[in-house]
Amino acid sequence: MTKLLFKLLIRNPLRIFSFLAGWIISLLYVDNKSHFLPIICEKPGFHMLKIKKKKASKLIINGTLRVEKRARIDIHEGSTIIINGIVKFGADVHLSAAPGATIILGSRNNGKIDINSRTTISAHERITIGSDCMLSWDILIMDSNVHPIVEPPTRMNSPIHINDNVWIGCRATILKGVTIGQGAVVGAAAVVVRDVPDKTIVAGNPAKVVKENVCWIE
């Protein structure tokens, strides 16, 4: 971590101001600190990351959160957000944990996740995303209908689990109760409403398997 900061400062000494913003945000909002700078803002200014943190909520970072610009994290009462490994936020990424909900990004401390611009992750119960995942832009991941369907009776919230090494294409939507298998690929604009097997490509609305036994690399 220290070597990374040193390299960034050598390239651009003005980055010290963005590091200072990340350090102050970390002091104010991060409940545990695995090192002295768990949040790195790519540009100076406190508007790079806005955090709203309610009573009895937790933000735990076991690694590093790198923020491009204008990201937002809403942690409501009694909710928890855990970040493991290196997680990168593109511009205008939004994380929201409703009261009592949990979001976990990263399955291990030596992994990484790239979450690109304007992606929204909204948890009302529990959303977990494994390590070495790549999320494109304009993705919506939401584990709730938000409003109840009373006829026929339907469960409003149901957890989402995305395994390691998953690639989700731009403008895809992942809805409640879905598990996405390890090594899977979700095509652009797909609407995922049922489980995705390991090492498959799904596409369409609703998403269906279009290829099996795939292997992708970043």
Report the distance from atom [atom1] of [X] to atom [atom2] of [Y], rounding to the nearest 0.5 Å.
X	Y	atom1	atom2	value
His94	Arg72	NE2	CZ	3.5 Å
Ile60	Thr80	CD1	OG1	6.0 Å
Asn110	Ser131	CG	OG	7.0 Å
His124	Ile160	NE2	CD1	11.5 Å

Can any side-chain N or O of [X] pair as donor or acceptor with the backbone N or O of [Y] at less than 3.5 Å?
X	Y	result
Trp216	Val166	no
Asn84	Gly106	yes
Asp143	Glu125	yes
Asn205	Val191	no
Thr119	Ile115	no
Asn32	Ile61	yes
Asp195	Thr179	yes
Ser79	Thr102	no

Would Asn116 and Ser136 count as having a side-chain donor-acceptor pair, cut-off 3.5 Å?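 Note: Asn116 and Ser136 side chains miss the donor-acceptor criterion.
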Does atom CZ of Arg108 have more than 12 heavy-atom neighbours from other groups under 6.0 Å away?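 For Arg108, atom CZ is crowded (more than 12 foreign heavy atoms under 6.0 Å).
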Exercise: identify the closest heavy-atom pair between Ser122 and Ile127: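 Taking every non-hydrogen atom into account, O-CD1, 3.3 Å.
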Minimum heavy-atom separation for His76 to Ser57, with atom names?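 For His76 and Ser57, the tightest heavy-atom pair comes out as O-CB, 3.3 Å.
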Side-chain contact test, heavy atoms from C-beta onward, threshold under 4.5 Å: evaluate it for Leu65 versus Ile40 and give yes or no.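 Side-chain contact under 4.5 Å: no.
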Should Phe89 and Lys69 count as side-chain neighbours, where that means a heavy-atom distance under 4.5 Å?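 Side chain of Phe89 against side chain of Lys69, heavy atoms only: no contact under 4.5 Å found.
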Is there a continuous path of hydrophobic side-chain contacts, each under 4.5 Å between heavy atoms, that joins Ile51 to Val93?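 Yes, because Ile51 and Val93 connect within a single hydrophobic cluster, where side-chain heavy atoms sit under 4.5 Å apart.
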Cluster overlap Val196 with Trp167, hydrophobic side-chain contacts below 4.5 Å: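 Cluster IDs for Val196 and Trp167 differ.
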Is the shortest side-chain N to carboxylate O distance from [X] to [Y] below 4.0 Å?
X	Y	answer
Lys53	Glu77	no
Arg66	Glu42	yes
Asp92	Arg118	no

